[in-house]
Student: 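Dumping the structure here so I can ask a few things about it.
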Amino acid sequence: MLDLKFIRANTELVRQAIINKNEKADLGAILALDDKRRKLQFDFDTLKATQNQVSQQIALKKKNKEDAGELIEQMGSVSEQLKAMSTELAEVEKELEAALLWLPNVPHPEVPIGRDESFNRFVREWGSKPDYDFIPKEHPEVAAQNNLLDMQRGAKITGSGFPVYTGLGANLERALINFMLTFHQQKHGYEEVAVPFIVNRKTMTGTGQLPKLENDMYRIDEEDFFLIPTAEVPITNLYSDEILPLGKLPVKLVGYTPCFRREAGSYGKDTKGLQRVHQFNKVEMVRFVHPDESYAVLEEMVGNAEAILQALGLHYRVVELCTADLSFASARTYDIEVWAPGAGRYLEVSSVSNFEDFQARRAGIRFRDTDGKVRFVHTLNGSGLATPRTMIALLETYQQADGSIAIPEALKPWLNIVV
RNA sequence: GGAGAUGUGUCCGAGCUGGUUGAAGGAGCACGAUUGGAAAUCGUGUAAACGUUUAAUAAGCGUUUCUAGGGUUCGAACCCCUACAUCUCCGCCA
């Protein structure tokens, strides 16, 4: 959410952001509602001030055993007026709030402006595409040869896009999660949290998934709960509606959760194996930092995610998303794409974003600055990493001529069976 | 699911026979004094949001906020109703 004062002062900037992000928020309506709200607020406050004054007079008269009947009678109509006004004010505020929730964050000035992913900016790459003296297979085939995956039975018990990992596949999956969680704790100083996988509507709104993405999520109607699409949601909201003392910052958390995505509207796209699934595992890094530090921290977090791929010996590249690819809440995002030799393409395994104070304002996450003033923190998060495409890259990169797969050294301590 | 208790500021904790109570007291924190330095002690200060005013995100003024939402009343932290959360006991179940 953006600050109304900011919107008033930077209307053009906000208007441009909506266009560049391909959003359709109604800025004009917001400004009109804001105007209306302020007028109502003023009228209400003025009348309420009168009521408060007279109420004191009544109290005084009663104390002195004088007759206050006349004043009380006067206030009867004022009281009714106030009730009507507050109702109207509440309605306008509600409308305004609802409209405001559809307003996207403003991209950082350096973000490339573009209408689709072809405008994304290449940042750097690590390693190189490996050579094979055989034709590398795609991961479903490698998985089949080693009995790692059972997509058919997953589809049977739930539906398509719900993978079942079997044997070494399940071991590998668990090893990846353990490896990543431990790595971020020991090498990067994150504190681990284990959080609920189901959250309520307020939480889902706080990080910006709602109202826009309601149809992309699995929901539980009875309680109005949602299955989380990413650990970002529960972890970032951990400190919602709180004012953090100075010493609490920076907050540096890492957590594992499964992620649930309906992926509405993407049927038929990237359907092969683990490329696009409805449930997957992810280790997520979340940081709450002082506004002055957030862009330095953004770079650092990209490095944290890269370190995982480097430890696994997987070739990747880093790209910066252009305005059209930038998510609703993000001000600046880097994607990390790992190379999949069998598929012959790069796959997104991590997205690292700085939301500045956009989520903090929605969720009410603030801190007390050195000057005693209360400010919104800046929130950031990044996958470190999502497992399915990491697994794809792993299987395709480490496949051997005989069809078996090698295990990178970094993962071996986390596998409980001898390969 | 059944019975009961509770829900106040950063935290603990009064107030709950309705009228200067944004809210006693304490802790914490900040600043100052004391000290060679520190502890202890003493003093001072210590909410946020919105509106208005303003060059000002300074001071001022107004309004709101005692879990949330309704109600009663001229007026509610205090009375009534509902929801939610926490705790205790019982039942049920991994």
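Chain identifiers are assigned alphabetically (A, B, ...) following the order of the sequence lines, protein sequences preceding nucleic acid strands; residue numbering begins at 1 within each chain. Computation of the quantities below employed the complete heavy-atom set of this structure, encompassing side-chain atoms and omitting hydrogens, waters and symmetry-equivalent molecules.
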Student: At 4.0 Å (heavy atoms only), tell me whether A:R8 reaches a base, stays on the sugar-phosphate, or touches nothing.
Tutor: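 Sugar-phosphate: the residue A:R8, judged by heavy atoms under 4.0 Å, touches backbone atoms but no base.
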
Student: Looking at every strand, decide which applies to A:E73 at a 4.0 Å heavy-atom threshold: base, sugar-phosphate, or nothing.
Tutor: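 No contact.
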
Student: Roughly how many Å apart are B:G19 and B:A76, using the C1' atom of each and rounding to a whole number?
Tutor: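 To the nearest whole Å, 10 Å.
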
Student: With sequence neighbours left out, which residue pairs that include part of residues 227-259 of chain A fulfil the ring pair (Phe, Tyr, Trp, His ring centres under 6.0 Å) condition?
Tutor: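 Listed by first then second residue: A:Y239-A:F288.
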
Student: Between A:R201 (CZ) and B:A68 (C1'), how many Å, whole number?
Tutor: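 Value for this atom pair: 17 Å.
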
Student: How are the rings of A:Y190 and A:H188 set to each other: parallel, tilted or perpendicular (split at 30° and 60°)?
Tutor: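 The arrangement is perpendicular - the two ring planes meet at more than 60°.
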
Student: For A:R38 and for A:R366, locate the closest nucleotide of RNA chain B by heavy-atom distance; then report the residue assigned to the nucleotide nearer the 5' terminus.
Tutor: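 It is A:R366 whose nearest nucleotide is closer to the 5' end.
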
Student: Starting at the 5' end of RNA chain B, what dot-bracket string do you get if Watson-Crick and G-U pairs under 3.5 Å are bracketed, crossing pairs use [ ], other-strand pairs use | and unpaired bases use dots?
Tutor: ((((((((.[[[..)...(.....]]]((((((.......))))))((((((.......)))))).[[[[[..)....]]]]])))))))....

Student: Between atom CD in A:E242 and atom P in B:U67, what is the gap in whole Å?
Tutor: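 Value for this atom pair: 17 Å.
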
Student: Provide the distance between the two P atoms, one in B:G32 and one in B:A38, to the nearest whole Å.
Tutor: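 Comparing P positions in B:G32 and B:A38 gives a spacing of 11 Å.
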
Student: Kindly say if A:S79 contacts the phosphate of B:U73, meaning a side-chain N or O under 4.0 Å from OP1 or OP2.
Tutor: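 For B:U73, OP1/OP2 do not have a side-chain N/O of A:S79 under 4.0 Å.
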
Student: Just to verify, what does A:E299 make a side chain to side chain donor-acceptor pair (under 3.5 Å) with, not counting sequence neighbours?
Tutor: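 Scan of A:E299 (side chain to side chain donor-acceptor pair (under 3.5 Å), adjacent residues dropped) gives A:Y334.
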
Student: Let's see if you can work this out: which of B:A48, B:U52, B:C74 has an atom nearest to the side-chain heavy atoms of A:M75?
Tutor: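 Closest of the options to the side chain of A:M75: B:C74.
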
Student: Just checking, any donor-acceptor pair under 3.5 angstrom between side chains of A:N200 and A:D224?
Tutor: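 Result is no, nothing qualifies.
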
Student: In whole Å, what separates the C1' atom of B:C29 from that of B:G9?
Tutor: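 Here B:C29 and B:G9 have their C1' atoms 14 Å from each other.
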
Student: Can you name the side chain to side chain contact (heavy atoms under 4.5 Å, CB included) partners of A:L103, sequence neighbours left out?
Tutor: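 If we apply the side chain to side chain contact (heavy atoms under 4.5 Å, CB included) test to A:L103, skipping adjacent residues, the hits are A:L2, A:I7, A:V14, A:I18, A:A25, A:L27, A:I30, A:L100.
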
Student: Tell me whether A:Q57 at atom CD has more than 12 heavy atoms from other residues, nucleotides or ligands lying less than 6.0 Å away.
Tutor: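 Result for CD/A:Q57: enclosed.
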
Student: Report, one pair per line, the protein and nucleotides 17-21 of chain B atoms (nitrogen or oxygen only) whose separation is under 3.5 Å.
Tutor:
unit_1 : atom_1 : unit_2 : atom_2 : d
B:G19  : O6     : A:K62  : NZ     : 3.4

Student: Report, one pair per line, the protein and nucleotides 56-63 of chain B atoms (nitrogen or oxygen only) whose separation is under 3.5 Å.
Tutor:
unit_1 : atom_1 : unit_2 : atom_2 : d
B:G62  : N2     : A:D45  : OD2    : 3.0
B:U63  : OP1    : A:N52  : ND2    : 3.1
B:U63  : O2'    : A:D45  : OD1    : 3.1

Student: Can you check the distance between B:A23 and B:U8, where both ends of the measurement are the C1' atom (answer in whole Å)?
Tutor: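 These two C1' atoms come out 8 Å apart once rounded.
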
Student: To the nearest Å, how far apart are A:L244 CG and B:C29 P?
Tutor: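 In whole Å, B:C29 P lies 17 Å from A:L244 CG.
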
Student: What is the minimum heavy-atom distance between A:D335 and A:T333, and which atoms define it?
Tutor: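 Shortest heavy-atom separation between A:D335 and A:T333 comes out as OD1-CG2, 3.8 Å.
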
Student: Enumerate the residue pairs fulfilling salt bridge (Lys or Arg N to Asp or Glu O under 4.0 Å) with a member in residues 86-110 of chain A, sequence neighbours excluded, ordered by first and then second residue.
Tutor: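 Listed by first then second residue: A:E110-A:R332.
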
Student: Is any side-chain nitrogen or oxygen of A:K83 closer than 4.0 Å to OP1 or OP2 of B:U72?
Tutor: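 The answer is yes; a side-chain N or O of A:K83 sits under 4.0 Å from OP1 or OP2.
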
Student: Find the distance A:Y239:OH to B:U10:C1' and express it as a whole number of Å.
Tutor: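 Rounding to the nearest Å, OH of A:Y239 and C1' of B:U10 are 14 Å apart.
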
Student: Applying salt bridge (Lys or Arg N to Asp or Glu O under 4.0 Å), which residue pairs with at least one partner in residues 231-253 of chain A are found, sequence neighbours left out?
Tutor: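 Salt bridge (Lys or Arg N to Asp or Glu O under 4.0 Å) check on residues 231-253 of chain A returns A:K202-A:D241, A:K252-A:E300.
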
Student: When you compare B:U54 with B:G60, how far apart are their C1' atoms, in angstrom units rounded to a whole number?
Tutor: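 Result for the C1' pair: 10 Å, nearest Å.
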
Student: Between B:G13 and B:G26, how far is it from one P atom to the other, in whole Å?
Tutor: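 Their P atoms lie roughly 16 Å apart.
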
Student: Sequence neighbours excluded, which residues qualify as side chain to side chain donor-acceptor pair (under 3.5 Å) partners of A:Q152?
Tutor: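 Side chain to side chain donor-acceptor pair (under 3.5 Å) check on A:Q152 returns nothing, list empty.
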
Student: In whole angstrom, what separates A:E80's CD from B:G75's C1'?
Tutor: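 Roughly 15 Å, once rounded to whole Å.
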
Student: Output a table of donor-acceptor pairs, distance under 3.5 Å, between side-chain atoms of residues 156-167 of chain A and any protein atom two or more places apart or on a different chain; print 'none' if there are none.
Tutor:
unit_1 : atom_1 : unit_2 : atom_2 : d
A:T166 : OG1    : A:N147 : O      : 2.8
A:T166 : OG1    : A:L148 : O      : 3.4

Student: Between A:K5 (NZ) and B:U52 (P), how many Å, whole number?
Tutor: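 Nearest whole value for this atom pair: 9 Å.
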
Student: Go through the structure and list residues passing side chain to side chain donor-acceptor pair (under 3.5 Å) with A:K137, not counting sequence neighbours.
Tutor: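 Expected list: none.
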
Student: Tell me whether the side-chain N/O atoms of A:R368 come closer than 4.0 Å to OP1 or OP2 in B:A30.
Tutor: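 For A:R368, the contact criterion (side-chain N or O under 4.0 Å from OP1 or OP2 of B:A30) is not met.
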
Student: Rounded to the Å, how far apart are A:E93 CD and B:G51 P?
Tutor: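 Computing the A:E93:CD to B:G51:P distance gives 10 Å.
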
Student: Take atom CD of A:Q74 and atom P of B:G75, then tell me their distance rounded to the nearest Å.
Tutor: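 Atom CD in A:Q74 sits about 14 Å away from atom P in B:G75.
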
Student: Can you tell me which residue pairs pass the salt bridge (Lys or Arg N to Asp or Glu O under 4.0 Å) test with a partner in residues 67-87 of chain A, sequence neighbours excluded?
Tutor: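 Listed by first then second residue: nothing to list.
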
Student: Between B:G51 and A:R37, is there an OP1 or OP2 to side-chain N/O distance shorter than 4.0 Å?
Tutor: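 Checking B:G51 against A:R37, a side-chain N or O does come within under 4.0 Å of OP1 or OP2.
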
Student: Between B:U52 and B:A14, how far is it from one P atom to the other, in whole Å?
Tutor: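 Each nucleotide's P atom is 41 Å from the other's.
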
Student: Pick the C1' atom in B:C79 and in B:G43, then give their distance to the nearest Å.
Tutor: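 Between the two C1' atoms, the distance is 43 Å.
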
